[in-house]
Every structure is written in C-alpha cells, then in structure tokens.
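Quick notes on the structure that follows.
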Amino acid sequence: LAKTTQPISMDSYEGQEVNITCSHNNIATNDYITWYQQFPSQGPRFIIQGYKTKVTNEVASLFIPADRKSSTLSLPRVSLSDTAVYYCLVPERGYSGGGADGLTFGKGTHLIIQP
Amino acid sequence: KAGVTQTPRYLIKTRGQQVTLSCSPISGHRSVSWYQQTPGQGLQFLFEYFSETQRNKGNFPGRFSGRQFSNSRSEMNVSTLELGDSALYLCASSLTGVDNEQFFGPGTRLTVL
C-alpha cells in the first residue's frame, strides 16, 4: 500500500514562497500525486495533480523528481488566507486489487501563515 | 454548476441508534466516496461507489455501509452507533474515481451521545 509522509506543521510569513515536501516511497508506476487543501469546517479542495517533473496552475506548482519517491508543493507568495491543512495523496491499493482502492489523507501538514 | 450537497449538516444521536447520511454529487459525476474525519485519526476513506456498485472499501467495520442510486446520489448508514463514531462525515464526487480530482461537500457533523 502506498503511504505518504509529510511534516505535521509549518510556519511562514506573508509574501514568502512555501514548499511542502511529501515522501511516497512505495508509489506505483501509474499513480498520480494529488494535493488537497482544507480549511476548518470545510471539505478538502483539490489544488494540483501531477505524475512527473513539474506541473503548474494558477495557485501552485508541483515538483516531482525522476524517482517519484517524493513531491514538493510550492505555494508562491503566500497570504494569511493560505493558512490551512495541506494533504499529499497517492492512491491506496491492495484492498480489492485492480484500480485505486481509496485515498488515505492522513493528518496532512498544518500550514500557518503569519503577518 | 451546483456543488456536492450533504444532508443533514448536523446530527445528534445516542449510542445504539442508527443513522443515514445523504450525498448528492455534482451532475454527471458517477463516483461518490465517503470519508470520516476526526481530530485523532485525520481524514479516513470509508468507501467508494461507482455506477451503483461499491468499488472500494476502507478499513472500517461492517456497521458502516452505503449505497448509490441510479441518479448517483449516495447514502451512508451507520448502525449501532458508538461514541467513537462522532466525526465529520465527508462525501466527495468525481467523474471517474478517487485518483482523479474529487469535489467535496461541506460534510455532516455527527455527534453520538
């Protein structure tokens, strides 16, 4: 089963670039890496998804090295509103075989942005 | 385009009772997944339904069950409630499954007394 490890918490300041790294040593060949953001009392929200190298959208970049055993979510010029929990996900496999069996969100990284 | 809706938003039950939660996915989405979120365990996958069939199941006891209707709406049932079942229950829908972008609802806050 794929499993991810990411820091429990991080602090930064407004205007800084924040990088959150996640390790996923057992990622399967065909698996994508997905990041979600969650604010208190809300459901998670999709941020970005990637397979290799670099993916960029309007809110973040995702860097994935060649061995794909880790990935880094990069948030440029953060603001106070970026304070949230960030989850790194790879599909779980093994319960029933075949396709993705589920997703383990775990506890994520609690990012706190200060003025 | 309407988002994922969940009803009810809040629920209070007592031990031993059963509860049914409802989720309406985004129109056109055939995959509906359920998650349990607690402070101690984080966000845990319960199960996924796709085209009325349970496709995947997480590591939860049989007291947790679900179903999906032909219009993709889904219900989750928890029988013989325990205090530890108090949690935020989140439903998510996607076009094809859990490894693609999922859209989450606001959740149902269940309190078991």
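Within every chain, numbering begins at 1; the chains are lettered A, B, ... in the order of the sequence lines, protein sequences first and strands thereafter. Worth knowing before you read on, the calculation uses all heavy atoms, side chains too, and leaves out hydrogens, waters and symmetry mates.
A donor-acceptor pair under 3.5 Å links the side-chain atoms of A/Tyr36 to the main chain of B/Gln102, judged by distance alone.
Cluster membership check: A/Leu80 shares its hydrophobic cluster with A/Leu111, using side-chain heavy-atom separations under 4.5 Å among Ile, Leu, Val, Met, Phe, Trp and Tyr. No continuous path of ILVMFWY side-chain contacts below 4.5 Å connects B/Leu43 to B/Leu110, so the two sit in separate hydrophobic clusters.
The environment of CZ in B/Phe60 is crowded: more than 12 heavy-atom neighbours from other residues, nucleotides or ligands sit within 6.0 Å. Within 6.0 Å of the CD1 atom in A/Ile8, the count of heavy atoms belonging to other residues, nucleotides or ligands does not exceed 12. In the displayed structure, A/Tyr13 atom OH is contacted under 6.0 Å by at most 12 heavy atoms of other residues, nucleotides or ligands. Residue B/Lys13 qualifies as enclosed at atom NZ: its count of foreign heavy atoms under 6.0 Å is above 12. The number of heavy atoms from other shown groups lying within 6.0 Å of CZ (B/Arg63) is above 12.
Atom CZ of B/Phe104 is separated from atom CD of A/Gln42 by 12.5 Å, given to the nearest 0.5 angstrom.
Along residues 80-91 of chain B, the residues that come nearer than 4.5 angstrom to chain A, judged on non-hydrogen atoms, are B/Leu90 in order of number.
Using a 4.5 Å cut-off between heavy atoms, B/Gln41 touches chain A through its backbone atoms (N, CA, C, O) alone.
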